[in-house]
There are 2 protein chains.
Amino acid sequence: MPSSTPHPADSNGSPPLEAGTPAFSPLYQQIKGLILQSLQSGEWKPGEAIPSEMELAARFRVSQGTVRKAVDELAAGNLLVRRQGKGTFVATHAEHQVQYRFLRLVPDSGDQASEGPAERRILECRRTRAPADIARLLAIRSTDAVVQVRRVLAFNGTPTILEDLWLPGAAFKGLSAEQLADYRGPTYAMFELEYGVRMVRAEEKIRAVAADAAQAELLDVSAASPLLSVERLAYTYNDTPMELRRALYRTDTHHYRNELS
Amino acid sequence: MPSSTPHPADSNGSPPLEAGTPAFSPLYQQIKGLILQSLQSGEWKPGEAIPSEMELAARFRVSQGTVRKAVDELAAGNLLVRRQGKGTFVATHAEHQVQYRFLRLVPDSGDQASEGPAERRILECRRTRAPADIARLLAIRSTDAVVQVRRVLAFNGTPTILEDLWLPGAAFKGLSAEQLADYRGPTYAMFELEYGVRMVRAEEKIRAVAADAAQAELLDVSAASPLLSVERLAYTYNDTPMELRRALYRTDTHHYRNELS
DNA sequence: AAGTGGTCTAGACCACAAC
DNA sequence: TTGTGGTCTAGACCACTTG
């Protein structure tokens, strides 16, 4: 039930009549918000189908075209996936499609397929208090608990990524090194399944840095080798930051791929 | 006039009847192709308004909704820009909006505005034969002429980017160091204006590398400093590569920003 | 055959910009 | 006031998937 603003039933042109600026919001945006709420609340789980367009239209008392536009935008933002003839599904990190949805590092050969899943080596997994800078980025208090994970990812036996994950402790109670090591598939898929945390978008800041001694050893490169520093802040619904990831990529056999338009 | 496939006038369901797979193409895709052709042919120039949706609908003999969908996709791909109440415009690099549409390097402060336009220092601008690797990427013969430009971009007096541009000689006859140095605004805007070449999308490969002596001096950093290597291949319409750009970014005061979803 | 998303149309009305 | 893009509806039909 969208808040009535433009509707053919409303033959009168009554304005929204809210406080301040009317802030006109199209019907389909309101529908989008409602669908988002259902996603957030877990009414439909990752990988599952949401109700058909007709059903949603009936539920929200709008035309099919209007829910279509709402779903279109959610699909454009990778929150939903449409499959003709089958239905519309909640996006997930668990589908092998592109293996790692947020990882832009690809082998120079371009042959992504020849490269099996990354071998994971967990170096550390501990709960601690959030350092000030981490807390700020995760939008939590610096007295709050966080889980810190350090690990190395290797491709075909070559250690390629060294990364630290920082997760809000409240949402990731019980996360262990074993769980991180054992889960088959993307870590973000495990987060969906085990903790109900769905990463929806992310921002990355990329730099070139020189490896220090410890980093060099872990990545099996010589000291001071140039490495790609990738700081990723990943968000769930509602623009809530849920993971800070600071990674170092070897770029001697791989590169970070980006598309601009 | 789109090739008839689905149309209410076609009461019969005659199949496309082409060779091989029918390869069904929706009407709006065909319209999209026609609009693309007009863009390509220069019928509408960068920054100009294209005909209104109603006019296009009449011209192509389809409904407004169909051209709307075609235009929507072109706008999503940043080829067109819609402005409510004013019209739909051909996208251009000349608008100061985001200054440099394809440059993802931003100051660490985040304060993009405080940073004036880059100061350009042209080190070299010459015509030569395309080296084999360059020719391959630009999809030209290695006997073909190319223009090579080397320059340094500085922000607030700090040299930050060292880059080589490789351009197909055929399309850039007469390009000179003076022209590159004197033009106010993005280089891609100058390409649009002077050479009718519009960069529409690009692919980047990013690595971390160590500065050699010459590079270090030009960027005013110590030798072997880590630098971000960004190789960009920029395309015009029709997926035709029109520029190869190999750049080194200093990332001590700036970083490469990327959004994932 | 039934159900889903995908396309297309026709027409009404709204928000925005410019004259 | 006029013209533009933006929203919304209702209904028809197409393409794809599954039983």
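Throughout, a chain's letter reflects where its sequence line sits, starting with A, and its residues are numbered from 1.
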Next item on the list: In plain terms, say whether B:Arg245 and B:Glu231 are close enough for a salt bridge, that is, a side-chain N and a carboxylate O under 4.0 Å apart.
Entry: no
Notebook entry, point to check: Once you round it to whole Å, what is the distance between P of D:dG3 and CG of B:Leu56?
Noted result: 17 Å
Note to self: Salt bridge check, A:Glu243 against A:Arg198: does any charged N sit closer than 4.0 Å to a carboxylate O?
What the structure shows: no
Margin query: Quick check on the 6.0 Å ring-centre criterion: do A:Tyr100 and A:His93 meet it?
Written below: no
Notebook entry, point to check: Which one, C:dT9, D:dA10, D:dA15, comes nearest to the side chain of A:Ser63?
Noted result: D:dA10
Could I get a table of every N or O pair under 3.5 Å where one atom is in the protein and the other is in nucleotides 2-6 of chain C?
residue : atom : partner : partner atom : Å
C:dG3   : N2   : A:Gly85 : O            : 3.1
C:dT4   : O2   : A:Gly85 : N            : 3.3
C:dG5   : OP1  : A:Thr88 : OG1          : 3.4
C:dG5   : OP2  : A:Glu53 : N            : 2.9
C:dG6   : OP2  : A:Arg68 : NH2          : 3.2
C:dG6   : OP2  : A:Arg82 : NE           : 2.7
C:dG6   : OP2  : A:Arg82 : NH2          : 3.2

Next item on the list: Would you kindly give the CZ-to-C1' distance between B:Phe89 and C:dA17, to the nearest whole Å?
Entry: 10 Å
Next item on the list: Give a yes/no verdict on a cation-pi contact between A:Arg232 and A:Phe102, requiring under 6.0 Å between NZ or CZ and the six-membered ring centre and an angle within 45° of the axis.
Entry: no
Note to self: What is the distance, to the nearest angstrom, from the CG atom on A:Leu27 to the C1' atom on C:dC13?
What the structure shows: 13 Å
Item checked: A:Phe60 CZ to D:dT7 C1', straight-line distance once rounded to whole Å -> 18 Å
Note to self: So does A:Leu105 get a backbone contact from the side chain of A:Arg257, meaning a donor-acceptor N/O pair under 3.5 Å?
What the structure shows: no
Notebook entry, point to check: Who are the side chain to side chain donor-acceptor pair (under 3.5 Å) partners of A:Thr236, not counting sequence neighbours?
Noted result: none
